[in-house]
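The structure appears below as structure tokens.
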Amino acid sequence: ADAQALPLRDGIFDAIAVLHMLEHVDDDRRALREIRRVLKPGGQALIMVPFGMHLANTIEYGRGNEVMFGHVRDYSPRDFSARLEGFSFQSVTPGDLMTEEEQFRFGIPASQIIFLCEKQ
């Protein structure tokens, strides 16, 4: 289904996982509104996107960038949370959950940020 126009009723999910998908859709804010719409009140979304840790602001390409694996945008960790309107959220990093040795063993970059969101 198109994440920007989900063919689902309002408020039907307790939880949704969105892992490295938003960077591929034309209108990520619209997709986030749809995710919020189909969550029940108090429902939770786990959201991860790849970050360009060096970026001051998210870069919008306007279409899929072949060099960036078809990404429509390159997210900055400095402005991503502004896209989470209508959610309360906390961010979690691998270092919050595991040791550096475990991160290395499992190949999890320290730059990963998980947003644990709740529909307000």
When you measure from the side chain of Arg33 to the backbone N and O of Gln4, does any donor-acceptor pair fall under 3.5 Å?
-> no
Check Pro50 against His71 and note the closest heavy-atom contact, atom names and distance.
-> CG-CE1, 3.7 Å
Contacts satisfying salt bridge (Lys or Arg N to Asp or Glu O under 4.0 Å) that involve residues 91-103 (not counting sequence neighbours) are Glu101-Arg105
Name all residues meeting the side-chain contact (heavy atoms from CB on, under 4.5 Å) criterion together with Phe104; count only those two or more places apart in sequence or in a different chain, and write none if there are none.
-> none
Hydrophobic clusters join Ile, Leu, Val, Met, Phe, Trp and Tyr when side-chain heavy atoms are under 4.5 Å apart, directly or via other members; which others share one with Val25?
-> Leu6, Leu8, Ile12, Phe13, Ile16, Val18, Met21, Leu22, Leu32, Ile35, Val38, Leu39, Ile47, Val49, Phe51, Met53, Tyr75, Phe80, Leu84, Phe87, Phe89, Ile113, Phe115
Side chains of Gln120 and Pro41 in contact at under 4.5 Å (non-hydrogen atoms) = no
Indicate, with yes or no, if Ile114 and Leu19 share a hydrophobic cluster defined by side-chain heavy-atom contacts under 4.5 Å among Ile, Leu, Val, Met, Phe, Trp and Tyr.
-> yes
Pairs involving residues 110-120, ordered by first then second residue, that meet salt bridge (Lys or Arg N to Asp or Glu O under 4.0 Å) (sequence neighbours left out) | none
CZ/Arg30 to CZ/Arg37 distance, rounded to the nearest 0.5 angstrom?
-> 10.5 Å
What's the shortest heavy-atom distance between Gly52 and Pro77, and which atoms?
-> O-CD, 3.5 Å
Answer yes or no: is there a side-chain heavy-atom contact under 4.5 Å between Gln112 and His20?
-> yes
Ignoring hydrogens and angles, state whether a donor on the side chain of Asn57 or Ser76 is under 3.5 Å from an acceptor on the partner side chain.
-> no
Rounded distance (nearest 0.5 Å) linking atom CD of Glu23 with atom CZ of Phe69 | 11.0 Å
Take Arg83 and Asp28 through the side-chain contact (heavy atoms from CB on, under 4.5 Å) test and state the conclusion after the steps.
-> CA-CA 8 Å; Arg83 296 170 189 265; Asp28 61 338; 2.7 Å; yes
Between the CD atom in Gln44 and the OG atom in Ser88, the distance rounded to the nearest 0.5 Å is 8.5 Å
Could you walk me through whether Val92 and Leu116 pass the side-chain contact (heavy atoms from CB on, under 4.5 Å) test, one step at a time?
-> CA-CA 8 Å; Val92 179; Leu116 304 174; 3.6 Å; yes
Which heavy atom in Pro109 sits nearest to a heavy atom in Pro94, and how many Å separate them?
-> O-CG, 3.4 Å
Kindly give the heavy-atom pair with the smallest separation between Gly86 and Arg36, and that separation in Å.
-> O-CD, 3.4 Å
Test side-chain contact (heavy atoms from CB on, under 4.5 Å) applied to Glu66 - qualifying residues, sequence neighbours left out = none
Can we say Glu60 and Arg73 salt-bridge, meaning some charged N sits less than 4.0 Å from an Asp/Glu carboxylate O?
-> yes
Sequence neighbours left out, what passes side-chain contact (heavy atoms from CB on, under 4.5 Å) with Ile59? Give chain and number order.
-> Leu55, Tyr61, Asp74
